[in-house]
Amino acid sequence: MAFIKEESEDVWIEETFRVKQEDAQEQTDVPKSCPAKLRVILQDHDIRKLDLPHGIPGTVSELESIMRKTFGLNGNFTLHYKDADFGEEYFSLTSTSEIKDKDTIKVIHIVEPPTLTLTFTDVESSIKSASKTCIQTSVHTSVTDIYPSVSSSYSGSQDTPILSLSEHKTQRSQRWPSEFPVPRFAYDTELVLAAASEAFKKDGIQLNFTPILPDILEKLAETIFQYVAYPTSAQLSDVAEALIQKYPCLKEPGSYNGCYGWRQRLKYKMGNYRAKLRGLGCPELDVNSVKKKRAHEKAPAKNIKKPRKAEVNFLPPHPQGETEESLERERVELLNEVKRDMNYQIISEKMAKTFSIRRQEIVSQAIPVNDLKYRWPALFNAAQINEEFERITTVNLETTFMAKLDQYSPKIMSLVFSRGRSSKMSIQRIKNMLLEDYSVEGRREAAIRSLVVFLRENEEDLFKEHLDDGDIANEVMKIIITRGSTMSEPARATIVIEGMEVQQDLDVPRACALLMGLIYALNLSYPKELKNTFEAFQKIFLELDDMKASPKQRSGSSESLMGRHGIKKFAAVEVPQL
């Protein structure tokens, strides 16, 4: 009897377990139709909210697809979620049943390892082919290295290897280097310089460089143009100093620094080099030809369209094989894609492809912002603002801005808080803001406001507190801030340009970063009353053209944030305990 009783208990336990397991399975299979919200960490400084009106999807792949479309994510990635059982540590998300409403998930991008393909060819034939290509390349280097589309009209069938190698180099890929790389000159020039360098080391004899001067200037001009078309005086000085450092025999005895004459020669050489490339149809230079200017701008030196904020790709040529007509068709397809279902991967590809024609419209025609938003609505998306800024400057907008803002925030606020005097009221208001909101966004906003005060400009010219009856039609460039009714509600910002809202629902620091991106993307000038603040954003937080500062920023104070060596001085400032 005891055996029978024990067996019946086992059967009852087994049945109970089966019923519970079936109930759990039924609960899992029920669609999550209740609306849900998720906190999504795209990057350390970029945290978004994902609204799911139809509830959490049934599979992880569906959730990934929604996130890819909503946030414009490219490439492969995986999702992690916080597990409360293990102290809020992140675990790989394998089933959507592991997350619920208002949970936090993190996007982890998967970096694919590079692939290497080896092609074996006959040694003799490859040597002959290489020598032939080398001769052809030396003839076409000056144009094809920067603008291969220009050189296509000069290349026949025998130049196919050159065009295929240069096909994707229609845009510059790097900024002005910290140390200018002196190029290799012609073989006979290198022999003369080598012999002269040895003589200079032994006897200090200077070289009479007149016979080799044309080759030196030509090669230097080609290399300079790989970075900028209109080099500044500081950049030309960098080139001259690098040349003298590599070849001391070229130093000029009568010059105060040994290279002033070289800087002047390079200045005039670059003018002649631009004239030559303008005749070949280089769009960055052709836009400033007299025949392309409007009637009231027919003077050669009037209204020169050139990079003024350290842009790398200011006015690039069209991609190889593309024309204005083909790119206009791409623009129309892009416009339809935006109106249809916002596939961010397709939009990003078409935005990159139409970059050149978009820059021609913006730079050459100076189209109003309202018309640009109609023709290029994708340009006003936050993700595309970041990509456009990177195409223009090669710098990652939000990542760089936030990293440098966080790095310099304590030093900025310590300098401002120790100043007092005329800024006393503004400083006290910033301190009160920090007491009310000491979050990351709150501290960043306080640092930005402190920077405006430090540069003796008005916060009200950049920020405007939202009022119900506030009129934005007359606002040229402003960040409108809406404060929450309670301290737990973060401030939200809206970017207004030319009386039109172009970005909404941002935190204040991100609004400042995206406003900088829009200024570059739309080729806008800095507001006169905030010129120093925006130059600080550019040169400190984005590290663009930090060697050049305005007269006001160069004057006087050892605490100056700007100037060629200003950032180094500023970084060395001791930070007192706040």
Side-chain angles (χ1 to χ4, degrees), residues 42 61-62 64-77 147-150 152 163-164 166-173 281 283-284 286-287 311-394 396-397 495 497-498 500-504 514 517-524:
L42 298 179
S61 60
E62 291 178 11
E64 290 177 351
S65 178
I66 292 174
M67 292 179 61
R68 192 181 295 275
K69 289 184 178 180
T70 304
F71 302 125
L73 301 177
N74 296 321
N76 296 327
F77 61 88
Y147 296 115
S149 59
V150 174
S152 60
L163 292 179
S164 63
S166 305
E167 183 176 357
H168 301 290
K169 294 179 64 178
T170 59
Q171 297 177 18
R172 297 185 178 96
S173 58
E284 189 174 9
D286 190 46
V287 69
E311 296 95 332
V312 176
N313 291 299
F314 182 68
L315 197 58
H318 295 324
Q320 187 72 27
E322 298 291 344
T323 63
E324 288 190 10
E325 291 74 18
S326 64
L327 291 175
E328 175 63 18
R329 289 194 294 270
E330 288 286 341
R331 186 195 69 82
V332 174
E333 292 177 9
L334 172 62
L335 190 61
N336 294 332
E337 186 65 36
V338 172
K339 293 177 180 178
R340 189 164 53 245
D341 56 1
M342 287 291 285
N343 186 315
Y344 281 91
Q345 186 171 357
I346 296 177
I347 289 174
S348 294
E349 292 173 357
K350 290 189 178 296
M351 284 290 287
K353 191 172 184 178
T354 56
F355 176 55
S356 60
I357 192 172
R358 183 165 58 254
R359 290 300 293 176
Q360 286 189 8
E361 288 185 13
I362 292 171
V363 175
S364 304
Q365 302 175 27
I367 298 177
V369 174
N370 190 33
D371 294 343
L372 280 173
K373 193 170 184 181
Y374 173 76
R375 287 181 58 80
W376 302 96
L379 183 59
F380 295 84
N381 173 271
Q384 291 304 320
I385 293 172
N386 278 273
E387 291 188 17
E388 190 81 351
F389 184 84
E390 189 163 1
R391 280 189 283 266
I392 295 171
T393 66
T394 74
N396 189 304
L397 173 61
I495 301 175
I497 297 178
E498 294 183 6
M500 182 176 58
E501 294 184 359
V502 293
Q503 278 287 308
Q504 302 86 22
L514 290 178
L518 286 165
I519 287 173
Y520 275 76
L522 306 178
N523 195 36
L524 303 176

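Between the side chain of Arg331 and the main chain of Arg375, a donor-acceptor pair closer than 3.5 Å is present.
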Before giving the answer on side chain to side chain contact (heavy atoms under 4.5 Å, CB included), spell out for Leu334 and Ile347 the whole-Å C-alpha distance, their side-chain angles and the decisive distance to 0.1 Å.
CA-CA 6 Å; Leu334 172 62; Ile347 289 174; 3.9 Å; yes

Might you work through the side-chain hydrogen bond (donor to acceptor under 3.5 Å, both in side chains) test for Ser326 and Glu322, ending with a clear yes or no?
CA-CA 6 Å; Ser326 64; Glu322 298 291 344; 2.6 Å; yes

Chi angles and distances behind the salt bridge (Lys or Arg N to Asp or Glu O under 4.0 Å) call for Arg172, Glu284:
CA-CA 12 Å; Arg172 297 185 178 96; Glu284 189 174 9; 3.1 Å; yes

Could you go through the side chain to side chain contact (heavy atoms under 4.5 Å, CB included) check for Ile392 and Arg359 one step at a time?
CA-CA 10 Å; Ile392 295 171; Arg359 290 300 293 176; 3.4 Å; yes

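Listed by chain and number, the residues in a side chain to side chain donor-acceptor pair (under 3.5 Å) with Arg358 are Thr354, Glu388 (sequence neighbours excluded). Partners of Phe389 by ring pair (Phe, Tyr, Trp, His ring centres under 6.0 Å), not counting sequence neighbours, listed by chain and number: Tyr520.
In terms of heavy atoms, Leu315 sits closest to Pro283 at CD2-O, 3.4 Å. Closest heavy-atom contact between Ile362 and Leu522: CG2-O, 3.4 Å.
Only one option out of Glu337, Glu333, Glu387 pairs with Lys350 in a salt bridge (Lys or Arg N to Asp or Glu O under 4.0 Å); it is Glu333.
For the residue pair Trp376 and Gln384, no side-chain donor N or O sits within less than 3.5 Å of a side-chain acceptor on the partner.
Considering only heavy atoms from C-beta on, Asn386 comes within 4.5 Å of Leu514 through its side chain.
Taking the centre and axis of the six-membered ring of Tyr344, the NZ or CZ atom of Arg68 falls outside the cone set by 45° and 6.0 Å.
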